[in-house]
Amino acid sequence: MEYNFLAVEKEWRERWAKDETFKAEQNSTKPKYYVLDMFPYPSGSGLHVGHPLGYIASDIYARFKRHQGFNVLHPMGYDAFGLPAEQYAIQTGQHPAITTEENIKRYREQLDLIGFSFDWSRQVNTSNPEFYRWTQWIFVQLFHSWYNKKEDRAERIQTLIDAFEQNGNLQVDAASDEAAPFTAEDWKSFSEHDRRSILLKYRIAYRAETVVNWCPALGTVLANDEVVNGVSERGGHPVEQKKMMQWSLRISAFAERLLEGLNRVDWSDSLKEIQRNWIGKSVGAEIEFPIKDDVNKKITVFTTRPDTIFGATFMVLAPEHEWVKEITTAEHADEVADYVAYTKGRSERERMAEAKKITGAFTGAYAKNPINEQEIPIWIADYVLAGYGTGAVMAVPSGDQRDWDFATHFDLPIVPVIEGQDVSEGADDRKDGILMNSDFLNGIKVTDAIAAMLKRVEQDGIGRRKVNYKLRDAVFSRQRYWGEPFPIYYRNDIPYTIDEDKLPLELPAVDQFKPTEDGDPPLGRAAKWNWDNAAGKLVENGEGHPIELSTMPGWAGSSWYFLRYMMAGDASRDEVFVSEEAVSYWKQVDLYMGGAEHATGHLLYFRFWTKFLHDLGFLPFDEPAKKLINQGMIQAEDGQKMSKRYGNVVNPDDVIAEHGADALRLHEMFLGPIEMHKPWNTKGIEGVSKFLRKLWRLYHTDGVFTVSDDAPNKNELKSIHKCIEKVSDDMERFSFNTSVSAFMVAVNELSDLKCNKRAILEPLSILISCHAPHIAEELWKKLGHDASISNAPWPKLNEEYLKDDSIVYPVSFNGKTRFQLEMPADSSKDAVEAAALQHEQAQKWLEGNAPKKVIVVPGRIVNIVL
RNA sequence: GCCCGGGUGGCGGAAUUGGUAGACGCGCUGGAUUCAAAAUCCAGUUCUUUCACGAGAGUGCGGGUUCGAUUCCCGCCCCGGGUACCA
């Protein structure tokens with residue numbers, strides 16, 4: 001009988017579910033191993049064959065770790081809040097909870113077919129109140145915390161209040177919005193309203209008027225990583241810049257630690273590099289330039305090259321800079337006002353599209369170079385960003401291309417300050433060389449000149465060393481329905497948190513999912529969306545206090561979900577977001593598998609929340625995932641992206657119906673290295689199907705299961721141990737494509753040897769069981785085992801069996817292989833050399849001459865140099 | 001522009017520390033089995049040249065180091081990803 005994959009796979013799916021084979025132990029003396037996949041957003045179109053690629057790879061590794069005796073946590077869940085379900089709801093009136101539920105059901109069916117070793121008892125669903133109760137709870141902690149720069153950690157807001165009561169805010173070094181200075185006496189005299197307003201500037205979850213990416217079509221704000229090329233990532237709608245009052249999270253306070261932590265995790269270099277660039281650290285100085293006609297007024301610039309200050313021939317302010325109006329002379333007032341109006345009217349898209357267009361206006365004012373008193377004109381231009389540094393730069397056209405372009409366009413002087421600097425065709429930003437035209441820095445190397453200038457700036461009191469980061473605080477509110485409600489109500493416009501024991505604050509019913517007529521978010525439609533704090537419950541609108549109408553963004557739940565999986569279904573699940581016992585046993589994720597597209601979104605926020613929760617003492621680690629692998633994308637066979645739009649989607653269900661789940665798993669791995677993008681290949685699956693049938697035949701004679709208990713011979717042992725060595729090594733390197741070929745080699749060899757011996761076939765089925773678990777379980781059962789193969793110990797390599805009696809040496813002349821020479825394995829170097837030179841073929845190449853040199857690498861090669 | 005990856009047969013890819021380039025699979029060619037097909041099995045398959053034995057070339061291109069380079073170094077070209085006035 002041929003292998004009936006349909007029956008076998010169904011049988012094992014059911015048995016694994018019934019026996020809870022992959023349930024992680026909660027109290028275990030075994031070492032733990034945590035394998036996590038990025039959980040999917042359950043979309044309406046279901047999974048295509050590209051989606052499970054990473055899940056298959058992580059599943060193989062999870063199974064391998066089980067064979068090695070680890071207590072493996074390998075969970076799965078759903079990132080269920082999100083825009084598509086809401087867009088669908090707006091169009092159809094169908095509640096997103098219902099469509100989400102249906103989509104989850106479909107996802108689960110598809111996932112189950114593939115034979116993953118997930119522990120479903122721990123599944124999470126971010127849109128479930130049982131889960132988002134804790135997302136809201138973490139938000140409450142973020143609200144009641146501040147960032148203490150002196151201690152370099154997040155702390156409870158009470159330590160800040162204590163500090164204010166003792167010394168006011170003068171001695172406090174916090175990551176905060178600008179707050180006017182006050183003393184302890186002042187603080188004590190403030191009203192509650194004033195105190196709360198001040199504290200809001202310090203909270204890690206704070207509210208502030210910020211310039212946000214507003215998407216009118218979606219009716220919401222978007223985070224920077226949700227905007228791609230000036231349009232929304234989802235839907236491709238135009239995005240404009242708008243000033244709005246929004247909730248933000250103070251991730252920028254963690255910038256340095258987010259950067260430093262990258263050195264302690266085993267993530268791909270490219271991913272770390274993306275995050276480093278996104279965080280964008282630059283070390284330099286702030287230097288003050290007094291204004292010529294008002295020396296008390298100083299413009300502060302940020303520069304990473306203070307050594308080039310003698311090349312600063314003009315100064316540029318962002319059009320939004322607070323002093324533009326004040327310093328502009330009457331003569332240039334109209335021109336400057338026109339330019340400011342022009343830049344305001346430009347959308348983000350236009351700005352990006354016209355990035356090369358050089359525009360600007362002269363203010364008529366001059367600044368004094370604080371080092372040499374030279375007067376330089378002050379311009380405004382939108383190539384200087386208001387939101388970065390100080391919103392003003394000293395322009396050094398000889399060393400900065402943007403300044404060079406600007407100077408060339410407006411005919412401003414360009415002064416080289418480094419010997420050999422060529423500024424005829426463009427700026428020359430060399431970081432080596434000797435300074436010139438630079439007064440006391442002349443003749444000094446760039447690196448030393450930077451140090452010397454920093455010292456001078458600090459001595460003269462005209463500036464300070466300064467580190468800037470590109471990383472902006474994360475806008476945390478969305479004007480949408482399908483997200484976590486903020487556990488916040490407003491008393492006199494001041495936000496207050498809802499008591500922790502009253503959470504979750506569940507999403508209210510609304511008649512429609514659109515914004516209100518007044519332009520309020522959909523939650524503005526809820527009839528009962530006010531809070532009575534004394535009673536601790538929702539009340540009719542008009543009573544109590546209004547509740548926040550925005551909801552949290554899609555990445556809220558995914559920033560901490562990995563912790564929730566650690567909680568088994570025990571009682572403490574309702575008491576804490578994650579218990580101390582659970583987190584001290586499971587600790588960090590050991591292997592995280594997911595797409596690189598989350599580099600600047602999820603993966604940054606996930607690290608940020610972990611650091612925050614660590615600071616507050618909830619977690620014994622501050623990096624969530626020790627190792628991370630980015631699986632590549634599977635493209636359609638035509639090389640395009642797999643998408644409904646192109647009609648080139650391959651559904652795993654169809655592949656499984658035709659070839660089985662084991663074949664799908666093997667084929668996806670066999671396509672190539674896990675991190676690489678690669679096209680799907682429908683034909684290629686025949687190869688792995690054939691392999692599975694051949695494997696089956698190894699255990700069967702004329703369709704009847706036949707295995708012998710005879711002792712294996714040398715060749716058989718060598719074959720299986722070669723496979724053990726190769727596959728064990730491949731597992732540790734996540735090289736799952738090469739292990740598939742190792743299985744094929746072993747099965748081909750054992751078929752040739754007509755081997756049906758238990759001592760060989762038992763370890764073989766264990767080796768294959770991570771990749772092709774269904775067939776392996778069935779063979780294991782036929783071999784007489786009652787228990788699942790998934791806990792069978794991994795076969796042990798015995799190197800004795802790999803050794804050969806003889807070695808075939810390739811003999812090359814001048815590096816070109818000419819013939820083979822078989823020698824006993826224990827032959828000495830000299831014996832190999834002598835045999836090679838005496839070989840009849842050697843004579844032909846030597847042509848009677850003596851070789852110049854003979855190189856013998858024992859066990860490897862012989863090279864004869866003529 | 002800048003920063004990361006990558007470039008190997010008709011195709012996907014292998015070669016882990018510098019040591020026989022092309023494992024394994026797909027495709028293709030020929031054969032066995034079969035009434036026929038499916039399935040299975042056997043042989044071949046980098047290119048050029050040769051009836052063949054063999055010989056020559058060959059890992060994007062050009063140089064270098066080395067007895068020996070897909071692997072290390074220098075300079076270019078192309079493809080993919082990230083980022084974009086971040087001073």
Side-chain angles (χ1 to χ4, degrees), chain A residues 2 229 268-278 280-282 284 301-305 308 312 316 318 351-352 354-358 381-385 387-396 399-403 405-406 426 429 468-472 596-597 599-600 630 632-633 666-667 670-673 675-688 690-691 693-694 697 726 729-730 732-733 735 737-745 747-748 751 808-820 851-857 859-866:
Chain A
E2 275 283 290
N229 295 327
S268 75
D269 289 338
S270 74
L271 198 99
K272 289 193 203 178
E273 209 48 39
I274 293 171
Q275 289 210 343
R276 284 193 191 108
N277 289 340
W278 190 261
K281 178 179 185 174
S282 33
V301 301
F302 175 68
T303 177
T304 55
R305 290 294 298 273
T308 62
V316 187
R351 239 176 67 87
M352 287 169 77
E354 300 171 347
K356 288 277 168 290
K357 197 167 148 188
I358 296 161
D382 69 352
Y383 82 87
V384 174
L385 302 177
Y388 181 78
T390 59
V393 301
M394 62 177 208
V396 183
D400 184 290
Q401 190 57 43
R402 295 156 301 184
D403 296 341
D405 291 339
F406 195 83
D429 66 349
N468 267 322
Y469 300 89
K470 285 200 276 182
L471 185 68
R472 298 274 82 102
E597 65 272 22
T600 56
N630 294 126
M633 236 173 22
L666 282 170
H667 183 53
F670 199 44
L671 284 173
E675 313 88 333
M676 262 172 48
H677 297 312
K678 54 229 158 195
W680 180 254
N681 172 347
T682 301
K683 267 278 162 43
I685 198 163
E686 304 281 355
V688 293
K690 215 183 275 179
F691 159 74
R693 288 195 294 270
K694 201 166 176 180
R697 280 202 301 277
K726 177 73 180 146
D729 188 40
D730 285 348
E732 295 299 0
R733 294 186 304 125
S735 177
N737 55 327
T738 52
S739 42
V740 176
S741 79
F743 300 146
M744 290 173 168
V745 169
V747 169
N748 287 344
S751 297
V808 177
Y809 281 93
V811 179
S812 54
F813 290 78
N814 289 340
K816 283 198 190 298
T817 309
R818 296 302 179 181
F819 62 90
Q820 313 285 319
K852 275 198 192 130
K853 198 171 173 187
V854 179
I855 287 139
V856 177
V857 182
R860 303 224 79 131
I861 54 109
V862 179
N863 189 22
I864 297 165
V865 186
L866 298 171

Within the 4.0 Å heavy-atom criterion, would you say [X] contacts the bases, only the backbone, or no part of the nucleic acid?
X      : answer
A:L671 : sugar-phosphate
A:Q820 : base
A:N863 : base

> Near A:R860 CZ, under 6.0 Å, is it more than 12 heavy atoms from other residues, nucleotides or ligands?
Replying inline: no
Checking base pairs now: Watson-Crick or wobble, both atom distances under 3.5 Å. What partners [N]?
N      : value
B:rU49 : B:rG54
B:rG44 : B:rC28
B:rC72 : B:rG64

Which nucleotide in the list [options] gets nearest to the side chain of [X]?
X      : options                : answer
A:R818 : B:rG13, B:rA55, B:rU40 : B:rA55
A:R697 : B:rU40, B:rG25, B:rC26 : B:rU40
A:T304 : B:rA14, B:rG19, B:rA87 : B:rA87

>> Counting only side-chain nitrogens and oxygens, does A:S282 get under 4.0 Å of the OP1 or OP2 atom of B:rA87?
In response: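 Answer is yes, contact under 4.0 Å.
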> Just to confirm, is there a sub-4.0 Å distance from OP1 or OP2 of B:rA14 to any side-chain nitrogen or oxygen of A:N737?
Replying inline: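 Result: yes.
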>> Hydrogens and angles aside, do A:K694 and A:N748 bring a side-chain donor and acceptor to less than 3.5 Å of each other?
In response: yes
>> Base of B:rU20, side chain of A:K816 - is there a donor-acceptor contact under 3.5 Å?
In response: no
> Could one point to a donor on the side chain of A:N277 or the base of B:rU83 with an acceptor on the other under 3.5 Å away?
Replying inline: no
> Can you say whether the rings of A:Y383 and A:F406 are parallel (under 30°), tilted (30 to 60°) or perpendicular (over 60°)?
Replying inline: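 If you compare the ring of A:Y383 with that of A:F406, the planes turn out tilted.
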>> Using the salt bridge (Lys or Arg N to Asp or Glu O under 4.0 Å) criterion, which residues pair with A:R472? Sequence neighbours excluded.
In response: none
